[in-house]
Amino acid sequence: MTFKEIGLIPPILNALDALGYTTPTPIQAQSIPILLKGKDLLGCAQTGTGKTAAFAIPILQQMYEKGGEKGKRKIKTLVVTPTRELAIQIEESFTEYGRHTGLYNTVIFGGVKQGKQVTALKRGVDILIATPGRLLDLINQGFISLRDIEYFVLDEADQMLDMGFIHDIKKIIKLLPHQRQSLFFSATMATRIVDLSKQILGNPEQVTIAPEKTTAEKVEQSMYYVSKPDKIKLLLHLMKTENIETALVFSRTKHGADKVVKLLKRNEINAAAIHGNKSQPQRQRALKAFKEGDIKVLVATDIAARGIDIDELSHVINYDLPNIAESYVHRIGRTGRASASGQAFSFCAADERAYLKDIHKLIKQEVPLITDQPYHDTSPPEKPAKQGGGGRNKRPHGGGGGKKPNPNKRKFYGRKKGPKKS
Ligand code: AMP
């Protein structure tokens, strides 16, 4: 299913294309057609599922198709969300998805002076994203009227109730015109949430999206303690005893990758290496042979593996543990896609235990250790061996250790004055 197939119009398709969105997420695929028909929606979904686009896109499309009226813009869409961070994110999404629609949006929230928000409102906006307190405040001061609302979204209803906004919400609902399309989203559907939804929605369609499992939860993982010299023996053992259809084996070095391929071939297992020393035609040939099933094992370094696009991969094998924990998640995420079952085996030598610690911390779980194997290594952890190109947890391209920028903060302070043209 593509965005075009669910009936989106070119101005929105172009905006999504520029953002690199190719396929709708499940909540988008289910909700957009319902909303484009003008129906009310009760959505049970969390942030991170693509929920914002699921409601913003059909609202933008309907508003665009209706066309503008003469005179000052009137607020036709109201999105109420519990926190300032969410409000800012939602407004940015409307701006991005509606870039070619000519619609204007702005965001209001408490905790800051109201001057700039009022100026934006006075200029006229089509879409308003608001937190409840500031919204009521500016309504009471006469800067906002909800008389012309045609689309109303109540986002994160459960969080809204937890934060004690129920009375504010009820006041807002009373001010809305009866004739409108309403959307109600909540991550949970306790009775009090359902009760509230009934006060807002008229005969809604319901869409429920279970939270996405993280990669680490989706892939079945196993850890093997094994000495460096025994790694190849363990690999051959697993190739014989496990039901491995296709495996992507990760080696830390190019030289190591070549060595593994040589030894696999010597044992009559068809394998090829993909790494920086291989020419482009060599890589493409290896990849083609792998996809067609002529090669069972592809041995790659992290960097070379980035360009590999394979959907049906039954196994990922970490012949060497990565010294950057995030790489572990990226590596194991190469399996378990499409219909492949998804298993990840990792080899950990005594001097790689420190990396394992980092991995466990990142994925918030312990990868089960398989001791019932012929090469189980009981030696105690050792200090990591010296490696070229950065030690433990150093980012390959520098800039690692520092504090991560808070995108909300940056976006907030970087915002332009007044309403944004969507
Ligand atoms: P949300 O659940 O709305 O907070 O969205 C989660 C993230 O997914 C946001 O960063 C969106 O930009 C992104 N996103 C939403 N829909 C899509 C899509 N169809 N394809 C790719 N990314 C998406």
Side-chain angles (χ1 to χ4, degrees), residues 1-36 41-61 77-101 105 107 109 127-131 151-160 183-189 206-215 217-218 309 311 326 329-330 333 337-338 404-412 414-415 420 422:
M1 166 106 56
T2 63
F3 280 113
K4 201 170 175 187
E5 282 161 3
I6 54 175
L8 297 192
I9 50 175
I12 293 176
L13 286 174
N14 291 342
L16 297 181
D17 202 38
L19 290 168
Y21 291 12
T22 49
T23 36
T25 66
I27 191 164
Q28 292 161 7
Q30 290 182 46
S31 307
I32 294 174
I34 295 172
L35 294 170
L36 286 177
L41 182 82
L42 177 61
C44 186
Q46 282 174 329
T47 298
T49 52
K51 172 167 63 92
T52 316
F55 67 75
I57 290 170
I59 289 176
L60 285 163
Q61 175 149 335
T77 293
L78 173 65
V79 181
V80 181
T81 192
T83 67
R84 139 192 179 153
E85 286 74 23
L86 281 167
I88 292 168
Q89 272 172 29
I90 294 170
E91 195 240 3
E92 285 175 349
S93 297
F94 269 100
T95 304
E96 282 170 348
Y97 310 144
R99 195 163 294 286
H100 307 300
T101 59
N105 50 261
V107 60
F109 45 80
I127 299 156
L128 177 65
I129 296 97
T131 53
Y151 309 94
F152 172 63
V153 182
L154 187 74
D155 187 36
E156 306 270 342
D158 47 356
Q159 199 178 336
M160 205 86 87
L183 291 67
F184 183 101
F185 290 94
S186 181
T188 53
M189 283 292 164
Q206 191 166 343
V207 168
T208 301
I209 304 294
E212 263 274 310
K213 279 189 170 180
T214 61
T215 306
E217 284 169 335
K218 270 190 286 197
D309 173 31
D311 269 342
E326 285 86 352
V329 178
H330 291 150
R337 296 182 185 180
K404 275 194 185 162
N406 173 348
N408 292 331
K409 203 165 181 181
R410 181 178 55 75
K411 283 172 191 163
F412 176 62
R415 283 158 44 70
K420 278 194 206 160
S422 287

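Start at 1 and go down the list; that is how both ligands and their atoms are numbered.
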For V329, give me all partners under side chain to side chain contact (heavy atoms under 4.5 Å, CB included), at least two apart in sequence or on another chain. T215, L362, I363
Contacts of F55 meeting ring pair (Phe, Tyr, Trp, His ring centres under 6.0 Å) (sequence neighbours excluded), chain-then-number -> F185
N/O contact list for ligand 1, threshold under 3.5 Å:
residue	atom	partner	partner atom	Å
ligand 1	2 (O)	G48	N	2.6
ligand 1	2 (O)	T49	N	3.0
ligand 1	2 (O)	G50	N	2.7
ligand 1	2 (O)	K51	N	3.2
ligand 1	3 (O)	K51	N	3.3
ligand 1	3 (O)	T52	N	2.9
ligand 1	3 (O)	T52	OG1	2.6
ligand 1	12 (O)	Y21	OH	2.4
ligand 1	14 (N)	Y21	OH	3.4
ligand 1	16 (N)	Q28	NE2	2.7
ligand 1	19 (N)	T23	O	2.9
ligand 1	19 (N)	Q28	OE1	3.0

I'd like to check E156 versus T83 (side-chain heavy atoms, cut-off strictly below 4.5 Å). Are they in contact? no
List for me each residue that meets side chain to side chain contact (heavy atoms under 4.5 Å, CB included) alongside I9, sequence neighbours excluded, and say none if there are none. P11, I12, Q61, Y64, E65
Flag side-chain contact, heavy atom, 4.5 Å: V207 against I27: yes
For the student: nearest non-hydrogen atoms of Q28 and A53, plus distance: NE2-CB, 3.3 Å
